[in-house]
Amino acid sequence: MLVALPVGKLVGITLGGWLGSFTRPKPERSRIPVLSLVTIGALGGIGFTVSLLMNELAFAGSATVRAEGTLAVLLGSAVSIVLAGILVTTLARRNRRLHPRAIRAESRESAPRTSHP
């Protein structure tokens, strides 16, 4: 579970998003960057509610195995958090580098306005 949770979500969400991008007719398709899909997949690995439920149901007969499963799910989510943090930071840096004017325009729009008497 420690490896399956972050890797499974990463691979599943990335492939699902990539395949989903082909559902529209070719002229209307928008290209989703692979780094963005991988980042979304890593963020998806943070959720662990269903994994904890499945752990409880699968190992109901053994408290020790159930506790180990719970720990593995929580550690797997922690791995996803770290990986997602690295990927979001990388994606943000890349976007700032590729679109510096958009960043500057956005920061000007969100700056507090002061009135002069």
Side-chain angles (χ1 to χ4, degrees):
M1 279 188 266
L2 175 63
V3 175
L5 180 70
V7 172
K9 295 275 184 130
L10 181 78
V11 171
I13 292 172
T14 301
L15 286 177
W18 180 75
L19 288 172
S21 69
F22 291 104
T23 59
R24 304 196 77 173
K26 196 163 189 167
E28 297 177 12
R29 273 188 214 153
S30 60
R31 188 178 160 277
I32 303 170
V34 174
L35 181 58
S36 296
L37 289 172
V38 171
T39 302
I40 293 166
L43 286 167
I46 294 171
F48 53 83
T49 307
V50 174
S51 298
L52 288 175
L53 173 65
M54 297 309 295
N55 177 61
E56 292 293 320
L57 295 174
F59 304 119
S62 174
T64 303
V65 175
R66 194 170 55 241
E68 289 172 358
T70 300
L71 182 60
V73 168
L74 295 175
L75 289 174
S77 292
V79 168
S80 290
I81 290 170
V82 171
L83 180 61
I86 292 167
L87 289 170
V88 166
T89 302
T90 303
L91 190 61
R93 284 183 182 154
R94 187 184 124 240
N95 287 338
R96 277 194 298 263
R97 190 180 69 249
L98 293 176
H99 309 288
R101 289 184 185 165
I103 301 298
R104 277 187 253 132
E106 186 178 292
S107 65
R108 271 185 267 146
E109 290 173 3
S110 64
R113 304 205 184 250
T114 58
S115 59
H116 298 289

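This chain uses plain numbering: 1 for the first residue, then up along the sequence.
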Is [Y] reachable from [X] through a run of I, L, V, M, F, W or Y residues, each pair having side-chain heavy atoms under 4.5 Å apart?
| X | Y | result |
| --- | --- | --- |
| I46 | F48 | no |
| I13 | W18 | no |
| L35 | L83 | yes |
| F22 | I32 | yes |
| V82 | L74 | no |

Just verifying a value: how many Å separate [X] [atom1] and [Y] [atom2], rounded to the nearest 0.5 Å?
| X | Y | atom1 | atom2 | answer |
| --- | --- | --- | --- | --- |
| R97 | N95 | CZ | CG | 9.0 Å |
| N55 | L71 | CG | CG | 10.0 Å |
| L75 | L5 | CG | CG | 10.5 Å |
| I86 | T39 | CD1 | OG1 | 11.0 Å |
| L19 | L37 | CG | CG | 10.0 Å |
| T70 | E56 | OG1 | CD | 5.0 Å |

(request) Grab the two heavy atoms, one from R66 and one from A60, that are nearest each other, plus how far apart they are. (result)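 Smallest interatomic distance, heavy atoms only, reads NH1-O, 3.0 Å.
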(request) For residues T14 and G41, report the shortest heavy-atom separation together with the two atoms involved. (result)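 Of all heavy-atom pairs spanning T14 and G41, the closest is OG1-CA, 4.4 Å.
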(message) Let's go through V38 and L10 carefully: what are the C-alpha distance in whole Å and the side-chain angles of both, what is the deciding distance for side-chain contact (heavy atoms from CB on, under 4.5 Å) to 0.1 Å, and is it a yes or a no?
(response) CA-CA 6 Å; V38 171; L10 181 78; 3.7 Å; yes
